[in-house]
**Q** 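Handing you a structure now.
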Amino acid sequence: MAKNIFRTAFDRVIEARERQVRRYVNGALLSFDDTTLKSLGRRREDMIKEGASTFPF
């Protein structure tokens with residue numbers, strides 16, 4: 001039972017860090033022009049909806 005509690009807590013920490021990294025990467029990608037984003041298969045509107053952050057923490 002205690003193992004499940006720790007595993008759940010660990011999983012939640014990992015999920016939070018993944019969301020944080022996604023916002024950071026979106027912030028960095030938003031500095032690119034639309035042509036570059038299109039060549040990467042990304043759309044500016046989608047990244048804005050997902051959220052962006054320009055600081056790593």
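Predicted model only: the values in this text are computed from it and were never measured. Just so you know, residue 1 is the first one in the sequence shown, and it goes up from there.
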**Q** Just so I know, are the side chains of Arg43 and Asp34 near enough to count as touching, which here means a heavy-atom distance under 4.5 Å?
**A**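 They are not in contact (no side-chain heavy atoms under 4.5 Å apart), so the answer is no.
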**Q** Taking atom CG of Asp33 and atom OG of Ser39, what is their separation to the nearest 0.5 Å?
**A**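 So the gap between those two atoms works out to 8.0 Å.
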**Q** So do the side chains of Val25 and Leu29 get within less than 4.5 Å of each other, counting heavy atoms only?
**A** yes
**Q** What are the two closest non-hydrogen atoms of Leu30 and Met47, and how far apart are they?
**A** CD2-CE, 3.6 Å
**Q** Using a strict 4.0 Å threshold on nitrogen-to-oxygen distance, state whether Arg7 and Asp11 make a salt bridge.
**A**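 Judged by the 4.0 Å cut-off on N to carboxylate O distance, Arg7 and Asp11 do form a salt bridge.
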**Q** Please determine whether side chain to side chain donor-acceptor pair (under 3.5 Å) holds for the pair Arg17 and Gln20, giving the CA-CA distance in whole Å, both sets of side-chain angles, and the decisive distance to 0.1 Å.
**A** CA-CA 5 Å; Arg17 289 292 292 162; Gln20 187 178 25; 2.5 Å; yes
**Q** Run the salt bridge (charged side-chain N to carboxylate O under 4.0 Å, His left out) check on Glu50 and Arg19 step by step: do they pass?
**A** CA-CA 9 Å; Glu50 291 174 7; Arg19 286 191 306 270; over 6 Å; no
**Q** Are Ile48 and Leu40 connected in the hydrophobic side-chain network, where two residues link if heavy atoms are under 4.5 Å apart?
**A**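 Ile48 clusters together with Leu40.
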**Q** Using a 3.5 Å distance criterion without hydrogens, assess whether the side chain of Thr8 forms a donor-acceptor pair with backbone atoms of Asn4.
**A** yes
